Visitor: 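First the structure, then my questions, so here it is.
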Amino acid sequence: MSVRVRIAPSPTGDPHVGTAYVALFNYVFAKKHGGRFILRIEDTDRARSTAESEAAILRALRWVGLSWDEGPDIGGPCGPYRQSERGAMYKTEVAKLVESGAAYRCFCTAERLERMRAAAKGKSFVGYDGLCRGLARAESERRAAAGEAFVVRLAMPKTGQTVVADRLRGEVRFDNTQIDDQILLKSDGFPTYHLANVVDDHRMGITHVIRAEEWLTSTPKHVELYRAFDWPAPEWIHLPLLRNADKSKIAKRKNPVSLDYYRAAGFLPEALLNYLGTMGWSIAGDREKFTLAEMIEAFTFDRMSLGGPVFDLVKLAAMNADYLRALDDDDVVSRLRQWRLGDDYLRRLVPLVRQRVQRMDEFVPMTEYFFSGDLDYAALAQDLVPGNRTAKDVADCLLGLVEALDGERDFSPAALEAATRAFAEKVAWEAKELFMVVRMAATARKATPPLFETLAVLGRDVVRRRLRLCGEYLKRLR
RNA sequence: GGCCCCAUGGUCUAGCGGUUAGGACGGCGCCCUCUCACGGCGUAAUCUCGGGUUCGAGUCCCGAUGGGGUCACCA
């Protein structure tokens, strides 16, 4: 059977470095075995999924250099590759499960579930209590027909164990008493990840599920689903999780996590890929530089290590430096043009500064912060903290604004201004007071072109990082 | 807290019963050099602990400890 693997990102935010990490191993494994690498969009969370996020993820994956053989943009034999367009399949499949008794309708309200969880707090098992599991078939049919809202839950076996065969860990055993009756179909009729993932992986002929370790503990539910459907299960390979410096799962509050950040910061995609390839995997004992092609050539899961690797920006930068130095001068020029020194970026900059310079030789010094990375706030420490505020106030404010901006997909000047004004109101800051702080945090200057135009050109990743770093700097001031 | 996973320098890792425990990033020192960077050389720093198994454990087993993940109508 030929290898078919997939990466299944959820379009609910920025393109995540973890997605690239998992994609890399899927890609390499597929290529190693002459298989196919599939991109599937898991957009069943209709409240959080956005088209912009999906587009950003595709763009970022392309930038990093991983191309897929089947996907929402290029199609393929098992489409559609967007779960929101596959709704009918899930309903048909879940109906079979209800019919066979492997799943059941649950009419419990969110309020009841909340009370149930509160009551179970501190107990050894905190999953669904099974109230609706015992409902007579006729009553379940009747209530559904009457239009009462329901979800469909998996009827997990109540005894015995479920064994997950993980390629890297061997057989992992779970007592069935520990496993929740997972919701398969939400009351809006959309499937949860657990259902959609199993149905799609089956229908798309996925042979190996290579995904992050955070999924390991929900895999018994998937095992049970394959059993209930009487489908052959794929092989599971749970990759170690990328970590922050404190070893917790990599997260944007502690580490830049958006692939767009890495592009904006001037990392070369091949260097990033090489670095990700050293996270949990090694090509040889004394070697860590290798190309994608070399990784494919040498690839085997036998060379994985399972401790969660700390994602270290410093080491990434050192590796990036190696790649940069290996390019010839013309290549570097061309990379710089693609990055920020090209017409596109300059065209956005010129309207902001042309009225403010008298001579062209002022342009570069005046726009320096549009091209630099992290800024130094030491010289601004006094100005950053208005007389009526403490450093901590300003820090909290900045950090709060970053959170607010995280959810802001639209980074146009107008949207930024609206969001920032709304935030100012929320924290009871005078708008112009906040604007000045943001200006200094984003540019390390007190005089710049109009703030929101400037932020828009700097871009969401650079702006959020600078505001965060400035906030953290102020926190340390004390 | 229940369950699950993991455990070699600060970090990424090599090691798959017998090694002076290797490489890389970072640190420090020296050399190269008009400066800086590159490069070269050197140096400090690791097998979490406790029991076994074995002639012999970083390597195998058990336990403890520590870290992480997960317990949603999010993925």
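No experiment lies behind these values; they were computed from the predicted model shown. Quick note on labels: first sequence line is chain A, next is B, and so on, each numbered from 1.
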Visitor: Rounded to the Å, how far apart are A:Q161 CD and B:C3 C1'?
Guide: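 Taking atom C1' of B:C3 as the reference, CD of A:Q161 is at 12 Å.
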Visitor: Before you tell me yes or no, could you show the steps for A:R169 and A:H238 under side chain to side chain donor-acceptor pair (under 3.5 Å), namely the whole-Å CA-CA distance, both residues' side-chain angles and the distance that decides it to 0.1 Å?
Guide: CA-CA 8 Å; A:R169 287 160 259 263; A:H238 289 96; 5.0 Å; no
Visitor: Toward the 5' end of RNA chain B, which comes first, A:D322 or A:V172, by nearest nucleotide?
Guide: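 Going by which nucleotide is closer to the 5' end, it is A:V172.
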Visitor: Within the structure shown, what part of the strands sits under 4.0 Å from A:R243 by heavy-atom distance: base, sugar-phosphate, or nothing?
Guide: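 If one applies the 4.0 Å heavy-atom cut-off, A:R243 turns out to touch the sugar-phosphate alone, with no base involved.
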Visitor: Rounding to an integer number of angstrom, what distance separates B:C38 and B:A75 when you compare their P atoms?
Guide: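 Roughly 47 Å separates the two P atoms.
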Visitor: May I ask you to say what A:V151 touches in the nucleic acid, namely base, sugar-phosphate or nothing, with a heavy-atom cut-off under 4.0 Å?
Guide: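 Base, at least one base heavy atom under 4.0 Å.
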Visitor: So what's B:A57 paired with, Watson-Crick or G-U wobble, going by both distances under 3.5 Å?
Guide: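 For B:A57, the partner nucleotide comes out as none, under the 3.5 Å rule.
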Visitor: Of the nucleotides B:A75, B:C4, B:A72, which has the atom closest to the A:W215 side chain?
Guide: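 Looking only at side-chain atoms, A:W215 lies closest to B:A75.
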Visitor: Just by distance, do the side chain of A:R464 and the backbone of A:V462 share a donor-acceptor pair under 3.5 Å?
Guide: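 Absent.
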Visitor: What distance separates A:H16 NE2 from A:S53 OG, expressed to the nearest 0.5 Å?
Guide: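 Rounded to the nearest 0.5 Å, the NE2-OG separation comes to 11.5 Å.
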Visitor: Under 4.0 angstrom, heavy atoms only, what part of the nucleic acid is A:Y193 near: base, sugar-phosphate, or nothing?
Guide: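 Touches a base.
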Visitor: Which atom names give the shortest non-hydrogen contact between A:R340 and A:F371, and what distance separates them?
Guide: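 Looking at all heavy atoms of both residues, the shortest contact is O-CE2, 3.6 Å.
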Visitor: Can you tell me the distance, in whole Å, between the CD1 atom of A:I179 and the P atom of B:G69?
Guide: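 About 21 Å, once rounded to whole Å.
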Visitor: Which value, in whole Å, describes the distance between the C1' atoms of nucleotides B:C41 and B:G50?
Guide: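 It works out to 42 Å between them.
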Visitor: Tell me the interatomic distance from A:R115, atom CZ, to B:A72, atom P, rounded to whole angstroms.
Guide: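 These atoms are roughly 17 Å apart.
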Visitor: Select base, sugar-phosphate, or nothing to describe what A:R169 touches, counting heavy atoms under 4.0 Å on all strands.
Guide: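 Sugar-phosphate, backbone atoms only, no base.
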Visitor: Need the pair for B:U20. Rule: Watson-Crick or G-U wobble, both distances under 3.5 Å, any strand; none if unpaired.
Guide: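 WC or wobble partner does not exist here.
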Visitor: Rounding to an integer number of Å, can you tell me how far A:L324 CG sits from B:A37 P?
Guide: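 Answer to the nearest Å: 17 Å.
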Visitor: Can you name the nearest heavy-atom pair linking A:Y261 to A:P256, along with the distance?
Guide: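 Residues A:Y261 and A:P256, closest heavy atoms: CD2-CB, 3.3 Å.
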Visitor: B:C73, B:C71, B:C6: which one has an atom nearest the side-chain heavy atoms of A:K186?
Guide: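 So the nucleotide nearest the side chain must be B:C73.
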Visitor: Name the pairing partner of B:G2, where a pair is Watson-Crick or G-U wobble with both distances under 3.5 Å, or state none.
Guide: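 B:G2 is paired with B:U70.
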Visitor: Would you say the side chain of A:T217 and the base of B:C4 hold a donor-acceptor pair, judged only by whether the two atoms sit under 3.5 Å apart?
Guide: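 No.
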Visitor: State which residue, out of A:D45, A:D43, A:I41, fulfils the side chain to side chain contact (heavy atoms under 4.5 Å, CB included) condition with A:Q83.
Guide: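 Only match with A:Q83 under side chain to side chain contact (heavy atoms under 4.5 Å, CB included): A:D43.
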Visitor: Given that both distances must come in under 3.5 Å, which nucleotide forms a Watson-Crick or G-U wobble pair with B:G9?
Guide: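 Result: none.
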Visitor: Pick the P atom in B:G63 and in B:C3, then give their distance to the nearest Å.
Guide: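 After rounding to an integer number of Å, I get 13 Å for this pair.
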Visitor: What parts of residues 248-271 of chain A reach RNA chain B, counting only heavy atoms under 4.0 Å away?
Guide: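 Contacting residues: A:S248, A:K249.
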Visitor: What pairs of residues pass the ring-ring contact (aromatic ring centres under 6.0 Å, His included) test when at least one of them lies in residues 110-168 of chain A, not counting sequence neighbours?
Guide: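 For residues 110-168 of chain A: A:F107-A:F150.
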Visitor: Does any nucleotide pair with B:C41 by Watson-Crick or G-U wobble geometry, both distances under 3.5 Å, and what is it?
Guide: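 Because both required distances fall under 3.5 Å, B:C41 counts as paired with B:G29.
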Visitor: Decide if atom CD of A:E141 counts as having more than 12 heavy atoms of other residues, nucleotides or ligands within a radius under 6.0 Å.
Guide: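 Yes, the 6.0 Å shell around CD holds more than 12 heavy atoms from other groups.
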Visitor: Given the P atoms of B:C32 and B:A37, what is the spacing between them in whole Å?
Guide: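 15 Å, rounded to whole Å.
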Visitor: Please give the distance between the C1' atoms of B:G9 and B:G22 as a whole number of Å.
Guide: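 These two C1' atoms come out 13 Å apart once rounded.
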Visitor: Heavy-atom nearest nucleotide on RNA chain B for A:E171 versus A:D286: which residue maps closer to 5'?
Guide: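 Mapping each residue to its closest nucleotide by heavy atoms, the 5'-most match is A:E171.
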Visitor: Distance check needed: B:A72 P versus A:R48 CZ, whole Å only.
Guide: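 Going from CZ in A:R48 over to P in B:A72 covers 15 Å.
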Visitor: Under 3.5 Å between N/O atoms: give me all the protein pairs with nucleotides 9-13 of chain B, atom names plus distance.
Guide:
residue: B:C12; atom: OP1; partner: A:V310; partner atom: N; Å: 3.0
residue: B:C12; atom: O2'; partner: A:T278; partner atom: O; Å: 3.0
residue: B:U13; atom: OP1; partner: A:G280; partner atom: N; Å: 2.4

Visitor: In whole angstrom, what separates A:H238's NE2 from B:C4's P?
Guide: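 Whole-Å distance recorded here is 15 Å.
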Visitor: Passes ring pair (Phe, Tyr, Trp, His ring centres under 6.0 Å), A:W215 versus A:Y193? Steps please.
Guide: CA-CA 11 Å; A:W215 293 109; A:Y193 169 85; 4.0 Å; yes
Visitor: Nearest to the side chain of A:H194, heavy atoms from C-beta on, is which of B:C38, B:C5, B:A75?
Guide: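 Of the candidates, B:A75 comes closest.
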Visitor: Within 45° of the ring axis of A:Y473 and under 6.0 Å from its six-membered ring centre, is that where the NZ or CZ of A:K475 lies?
Guide: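 No, a cation-pi geometry is absent between A:K475 and A:Y473.
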Visitor: Return the pairing partner of B:A64 with a 3.5 Å limit on both distances, Watson-Crick or G-U wobble; otherwise return none.
Guide: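 Checking every strand shown, B:A64 finds its partner in B:U48, with both distances under 3.5 Å.
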Visitor: Can A:R40 be said to sit on top of A:Y81's aromatic six-ring, NZ or CZ under 6.0 Å from centre and within 45° of the ring axis?
Guide: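 No cation-pi geometry.
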Visitor: Which base, if any, makes a Watson-Crick or G-U wobble pair with B:C34, both distances under 3.5 Å?
Guide: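 No nucleotide pairs with B:C34.
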Visitor: What is the minimum heavy-atom distance between A:E294 and A:K289, and which atoms define it?
Guide: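 In this case the closest contact between A:E294 and A:K289 is OE1-O, 4.4 Å.
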Visitor: Using OP1 and OP2 only, check whether a side-chain N or O of A:T44 sits under 4.0 Å from B:A75.
Guide: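 Looking at the OP1 and OP2 atoms of B:A75, one of them is under 4.0 Å from a side-chain N or O of A:T44.
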Visitor: Let me know the distance between CD1 of A:I183 and P of B:C71, rounded to the nearest Å.
Guide: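 Going from A:I183 (CD1) to B:C71 (P), I get 13 Å.
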Visitor: Write down the distance separating the C1' atoms in B:G58 and B:U46, rounded off to the nearest Å.
Guide: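 B:G58 and B:U46 have their C1' atoms separated by 10 Å.
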Visitor: Give me the distance, rounded to whole Å, that separates B:A7 from B:U43 when you measure between the C1' atoms they each carry.
Guide: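 Nearest-Å result for B:A7 against B:U43 at atom C1': 28 Å.
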Visitor: In whole Å, what separates the P atom of B:G51 from that of B:U59?
Guide: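 Between the two P atoms, the distance is 14 Å.
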Visitor: May I have the distance from A:F125 (atom CZ) to B:U70 (atom P), rounded to whole angstrom?
Guide: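 My rounded result for the distance is 18 Å.
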